[in-house]
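To start, the structure under review is shown below, and the notes come after it.
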Amino acid sequence: MICSVKQSVSPTINGSDLFLRKKPYPARPVLQLVPALRKPERLGLVSVSRPLHVNSVEKLSFGSVRYREDRIKCEAYEAADQSKPVESAETKSEAARKLKIGIYFATWWALNVVFNIYNKKVLNAFPYPWLTSTLSLACGSLMMLISWVTRIAEAPKTDFEFWKTLFPVAVAHTIGHVAATVSMSKVAVSFTHIIKSGEPAFSVLVSRFLLGESFPVPVYLSLIPIIGGCALSAATELNFNMTGFMGAMISNLAFVFRNIFSKKGMKGKSVSGMNYYACLSMMSLLILTPFAIAVEGPQMWAAGWQTAISQIGPHFIWWVAAQSVFYHLYNQVSYMSLDQISPLTFSIGNTMKRISVIVSSIIIFKTPVQPINALGAAIAILGTFLYSQAKQ
């Protein structure tokens, strides 16, 4: 350790003399020397003209008082360490954000898989998709009303203009929801979701021919595997049903218009994703209820309910409640995730969601699948992924 120390009562003394030999003059208290090292303006005691570098000395002894090396090192590197907490906080914040998105995706996929399983069980025993769709919306609306009244969630601040712009979105959402439920009541869950993976093709065609939007060439090329895969899967489906096929197609078209209306009408609206979907469910419920009564009616529902209870037992009530609750939860989480991620990431997550639903439904319901049918599904899903990449 090398340093030079100046004192007013003696010539310059080398730092080694301070530690390696005894001083003939009286020792000064350390508490007087240490402040002088930090404040060089106090020239009456000590003046340090060059930086003091401590490498191997563990303890410094002055009289009866001992100072450890880490005290000195803390002073020497204090300024350099001030940036470390900031960098660490930013790293932790980014890691927390990625963890939050991962939890959103995992929850979204899991809730969607559970909903599709219980929804199919209910429709197998109770083939009334209009009432099933109505119960799903009613359950979600009730859950959100309770959360607003009890202040579990903050109620949105809306006006007449908000509900006016929400109305076409709710109409499209209602049609898409009912059409998808009708499809699943007629065909396998996996087949419905294979056809619904063709939604990007409808989005491009509607945007191009009705709205006049243009897209890059890779976007148009990505539609080839989407359309071809869906066609191959439909042609080789063992339990093909035209009503089920058309229900999935209508659902695709309706959800495309829902997204278009939502983008146009909700610009500048300060409503969270959770509350936005809650308002959407309530308006869709008001739209759907009279149509459900007209198409199916209480008499058919009562007869079908008694038949389902006699065949399944009390478990059927749990199935209905579960499919209604999980329908709202998975949609709510998907809208909440839109507040945290980009549309591209959401599109990729939606593609992966369909894969998880298709695979799980085939395993649980033991759906027979031909190799050519599985190939068509894989091609369609691959096309959907390529579409999401081409649009970025």
Side-chain angles (χ1 to χ4, degrees), residues 112 115-124 126-141 166-206 210 226-227 230-231 233-234 237 239-262 277 280-297 300-301 304 323-324 326-328 330-331 334-335 350 353-354 357-358 361 377 380 384:
N112 190 263
F115 158 72
N116 278 276
I117 291 172
Y118 279 110
N119 189 48
K120 184 60 178 176
K121 285 186 174 182
V122 170
L123 292 172
N124 286 341
F126 185 76
Y128 297 97
W130 288 79
L131 177 60
T132 304
S133 301
T134 305
L135 292 176
S136 300
L137 296 173
C139 180
S141 300
L166 186 65
F167 179 76
V169 183
V171 171
H173 179 73
T174 304
I175 295 173
H177 175 42
V178 173
T181 308
V182 170
S183 175
M184 281 190 280
S185 69
K186 299 295 183 180
V187 296
V189 176
S190 56
F191 180 70
T192 297
H193 280 273
I194 291 172
I195 302 304
K196 284 180 67 62
S197 65
E199 184 176 327
F202 286 87
S203 179
V204 171
L205 294 176
V206 170
L210 295 184
I226 294 177
I227 297 174
C230 290
S233 180
E237 174 66 23
N239 299 316
F240 180 82
N241 181 278
M242 182 57 69
T243 302
F245 174 76
M246 291 304 300
M249 296 287 282
I250 293 172
S251 177
N252 282 339
L253 187 62
F255 284 143
V256 166
F257 279 104
R258 180 193 65 180
N259 296 337
I260 293 174
F261 294 146
S262 181
Y277 180 71
L280 181 62
S281 296
M282 294 174 188
M283 181 163 281
S284 295
L285 176 63
L286 296 177
I287 296 171
L288 177 59
T289 301
F291 288 96
I293 295 174
V295 173
E296 293 175 347
M300 296 178 63
W301 295 339
Q323 72 91 24
S324 301
F326 283 110
Y327 172 79
H328 175 79
Y330 101 76
N331 277 286
S334 69
Y335 273 83
N350 196 42
K353 178 205 73 174
R354 296 211 184 281
V357 171
I358 291 171
S361 64
T384 304

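A donor-acceptor pair is defined here as one N or O able to donate and one able to accept, closer than 3.5 Å; no such pair exists between the side chain of Ser262 and the backbone of Asn259.
By the 30° and 60° cut-offs, the orientation of the rings of Phe326 relative to Tyr118 is parallel.
Residue Leu131 comes nearest to Glu296 through the heavy atom pair N-OE1, 3.1 Å, listed as atom of the first residue, atom of the second, then distance. In this structure, Thr384 and Pro200 approach most closely via the heavy-atom pair CG2-CG, 4.0 Å. When all heavy atoms of Thr289 and Leu285 are compared, the pair lying nearest together is OG1-O, 2.7 Å. The two residues Ser185 and Val182 make their nearest non-hydrogen contact at OG-O, 2.6 Å.
Counting heavy atoms from C-beta on, the side chains of Thr181 and Gln323 never come closer than 4.5 Å. A heavy-atom distance below 4.5 Å is found between the side chains of Phe245 and Ile195. Proximity of Ser136 to His177: side-chain heavy atoms (C-beta onward) are separated by under 4.5 Å at one or more points. The closest side-chain heavy-atom distance from Val171 to Phe261 is not below 4.5 Å.
The distance from atom CZ of Arg258 to atom CD1 of Ile175, rounded to the nearest 0.5 Å, is 12.0 Å.
Atom NZ of Lys120 is surrounded by more than 12 heavy atoms from other residues, nucleotides or ligands within 6.0 Å.
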